[in-house]
Structures are given as structure tokens and as C-alpha cells.
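First up is the structure itself, then whatever we jot down about it.
Just so we're clear, the structure is a prediction, and the values are computed from it rather than from any experiment.
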Amino acid sequence: MSLLDYFRRSRKKSASVAKDRLQILVARDRSARGAPDYLPLLRQELLAVIAKYETIDLEQVSVSLDRSSGCEVLELNIVLPDAPTLAAAKREARHAGAVTTPTLRV
Amino acid sequence: MARVIVITSGKGGVGKTTSAASIAAGLASRGFKTVAIDFDVGLRNLDLVMGVERRVVYDLVNVIKGEANLHQALIRDKRVDGLYVLPASQTRDKDALDLEGVGRVLKDLKGMGFEYIVCDSPAGIERGAQMAMYFADEAIVVTNPEVSSVRDSDRVLGLLDAKTRRAELGLEPIKTHLLLSRYSPQRVKQGDMLGVEDVLELLGIPLLGVIPESKSVLKASNSGTPAILDETSDVAQAYFDVVYRFLGVDRPHRFIHEQKRGFFRRLFS
């Protein structure tokens, strides 16, 4: 096997890279498509309310809208810190495989 | 029954105007009274590509505002019988188009006996593009085999499904067609360009045709002739196939695979 073959084999054709990237991207775009325009604002306002009572990490909040057979489910996932400090909660979330912090589901 | 067709893509520079001019000219040459409307307010180009720029007096916005009537604004093509152009305005006013006005113009055109109304959409997904697609019965989505174009086409397909008259009224959805343009079979074979099957799989709409990358497109726009009228070129043949297929005639797809060229053709090309 020549050196040339080695290089030829290891390089993936750019068109198939493009296709792989697009498949992921298009799927993501499509799942966001049905979502109403108010979701970002809703998220922001809910956060403001919760932040009044609890210290929360913005990265630990997700708002999603699922549609299944004629019914829509708006899911709000917020990980509440149980450690005294936010930083500790963050650390824990990052290190522990299974997150033990309580989750508020709306 | 008149049909409204939107030529759209999301991304700019993929060949919307070239396709609109050629498809309109092709439909007219098959005997259908056809008008091509330029919706790109502020950046009108369809008149230029069709070679009628010096005959523009009134435009779409003038008609909508009641400053001119359709007979004054329509430009009759001198090469193809039954082909008309309704140019866009050069105004910078973004809100010059409104749904009510556009709807009225389309209704009047149908009343004048136009059988095909080809709407050349501006790039983007803003107001102008949405005006162009709102009343459509069919959509031809022009896509290049390239990542950003494919992604934008997918977004446009989402808009066609949601923000159009047919979607809002719950009518039969807009019929969508994929027109893959600037296609280079050689580069696909080398693995450096997305192939027809790849794009079809990603977008999931039926293929209307493949337009090969060709020098004749630039030559045609230089001289203000719709590319379909340069009958010797492969692009013209591809657009004629597209028009026939659009009209329901079965035509095998061409220009998808690399042409084998004989020794002499290679020598003298």
C-alpha cells in the first residue's frame, strides 16, 4: 500500500460531509418550525418570576413544545439548586452522571 | 383556470430570476397566455433578464396604488407570443406591497385571460418573499446543490406550508416542485457536490428538473434573452423539459449524469 492510498482512503468526500451536516440541521430546523413565536418571551418572563424566589442557572432551563396526536404539551424544565451556592450546583450537575438536583416541571 | 406559480428559494443567486424568465417564456411558447411578475421591489431584475428594461413605464406598485392600470404596466414580449412582464418598482418603500393589493392585481390578471401567472420571488423570507408566495397554487423551489441553498429551501418549504393563503384557509396545500440548478455531474461524480438523490432525500419534494451549470446562462442574461430561447444550449433543453413536465408531459430526466464526450468533441470544445 502506497502512501498515496493512505491519504486517499482517510479523506471523506466533501459532498457526503455536506449531506451529514444538512441532515442534522434540517431536522433541527423542522422541529423548531411549529413552535409559536412567543416561546422565547415566555421563557424569559417565566425565568424572571422564578428568579424572584429561587436562584437558578439559566443554562439549566429548557422550554419545549411537543405535539402528539392532537394535543400540545408545553414542557418547562428547570433544575433547582439544592446546594447552598449556585456554583456548587453547577459543579455537581457537571460532574455527576445522574443529576440528583430536584427538577421543577410545569 | 389560471394557475399562480411562485419561483422561490430563500437564498439569493441560485437562479430564481433566470428560471422565472425561462419557465414563463416556455409556458407562453406552448400557447398559454403567461405573465411573469417581479416581486423584488427595490431591486428589480426580471425586466433586465428578459430584455425589456427600456420599455418599463409603470410597475407593480403603480398598479397596486392605482397610479396606472394593468394595460399600461404590462410589457408584451416581442419574441414570444402571449408572454408579458409586470416589472417591480424601484421604490425603496418596503411596505409598498400589501396582500390586498397583490390579491387584486392577480384577480384582474386572471380576468384578462392569463392562464399562468409566474411570480418571481425576491431572496430572503421577508415580506416581499411572503407576498410572492401567498397566493400561489404551485411553488417551484430553486435549489443549488450546496449546503446553504438546501437549508434555505427547506425553510421556504416550511413557510409555504404555513404562511400562505392555501395554508390559512385549509385548502389543498401548494404543490411544490424541486428545480435543482447549477448542477455539475462531474463534480457530483468526484464526490464534491451533493447529488440529485441527496437533495431529494433532504428536502422530500418531487423533482421537476435539473438545470446544468452552463456558460449559456450568463450569455443569455448579457443579451437580455430568457435562457430557454437559446435552443442550442443544454440549459434551454433542460428548461423545456421542466416546462413539459410541469404541464404533465412525461420526460426522462437528463443532465444528471456525466456526458461521455467523443475524442473529437473533446479536442474541439
Original post:
Hey, which of B:M193, B:R155, B:E201 has the most heavy atom pairs under 4.5 Å with chain A?
Top reply: B:E201
Surrounding [atom1] of [X] (heavy atoms of other residues, nucleotides or ligands, distance under 6.0 Å), is the total greater than 12?
{"X": "B:R182", "atom1": "CZ", "value": "no"}
{"X": "A:R21", "atom1": "CZ", "value": "no"}
{"X": "B:E168", "atom1": "CD", "value": "yes"}

Original post:
With sequence neighbours left out, which residue pairs that include part of residues 180-201 of chain B fulfil the ring pair (Phe, Tyr, Trp, His ring centres under 6.0 Å) condition?
Top reply: none
Original post:
Got a sec, which pairs hit salt bridge (charged side-chain N to carboxylate O under 4.0 Å, His left out) with one end in residues 122-151 of chain B, sequence neighbours left out?
Top reply: A:D29-B:R151, B:R3-B:E138, B:D95-B:R127, B:D137-B:R166
Subject >> Separation of A:R30 CZ from B:L157 CG (nearest 0.5 Å) >> reply: 7.5 Å
Subject >> Nearest-0.5 Å distance, CG of residue B:L194 to NZ of residue A:K19 >> reply: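 Rounded to the nearest 0.5 Å, the CG-NZ separation comes to 8.5 Å.
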Original post:
Looking at side-chain heavy atoms only, is the closest gap between B:D154 and A:L22 below 4.5 Å?
Top reply: no
Subject >> N/O donor-acceptor pair under 3.5 Å between A:K13 side chain and B:Q190 backbone >> reply: yes
